[in-house]
Amino acid sequence: MPGSRAWIEGFAIAAPAGLADGDLEYQALLGRDWLSPWVEAGHFCGSRGMALPLLGLALRLRGKAADTYTCFYSASFVD
């Protein structure tokens, strides 16, 4: 919430209809040159228990989904 002085520390993304969880992966940027491991759709990604704000994220398609679809995404991270 704007003005709350709180940040987002993690997230999870559900795979859209027609894709298996393993077809979509994502990771979080937690600090300079510090990325979380890639996780499958539906799983938590971020800094659980470390109180670190998300600085960015990356998504990718795998398997047949990568051959069939193109993934576009955007996010805004405000200090």
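No experiment lies behind these values; they were computed from the predicted model shown.
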Side chains of [X] and [Y]: does their closest heavy-atom pair fall under 4.5 Å?
{"X": "L52", "Y": "W34", "value": "yes"}
{"X": "L19", "Y": "L61", "value": "yes"}
{"X": "L59", "Y": "I13", "value": "yes"}
{"X": "Y69", "Y": "D23", "value": "no"}

Taking all non-hydrogen atoms of both residues, which atom of L24 and which atom of P16 are closest, and how far apart? CD2-CD, 4.5 Å

Which atom names give the shortest non-hydrogen contact between A41 and A14, and what distance separates them? CB-C, 4.4 Å

Under 3.5 Å donor-acceptor, S36 side chain and Q27 backbone: no

Tell me if the centroids of the rings in Y26 and F11 come within less than 6.0 Å of each other. yes

If two hydrophobic side chains count as joined below 4.5 Å and joins carry through other members, does I8 share a cluster with L57? yes

Is L54 reachable from Y73 through a run of I, L, V, M, F, W or Y residues, each pair having side-chain heavy atoms under 4.5 Å apart? yes

Ion pair present between E25 and R62, side-chain N to carboxylate O less than 4.0 angstrom? yes

Greater than 12 external heavy atoms within 6.0 Å of R60's CZ: yes

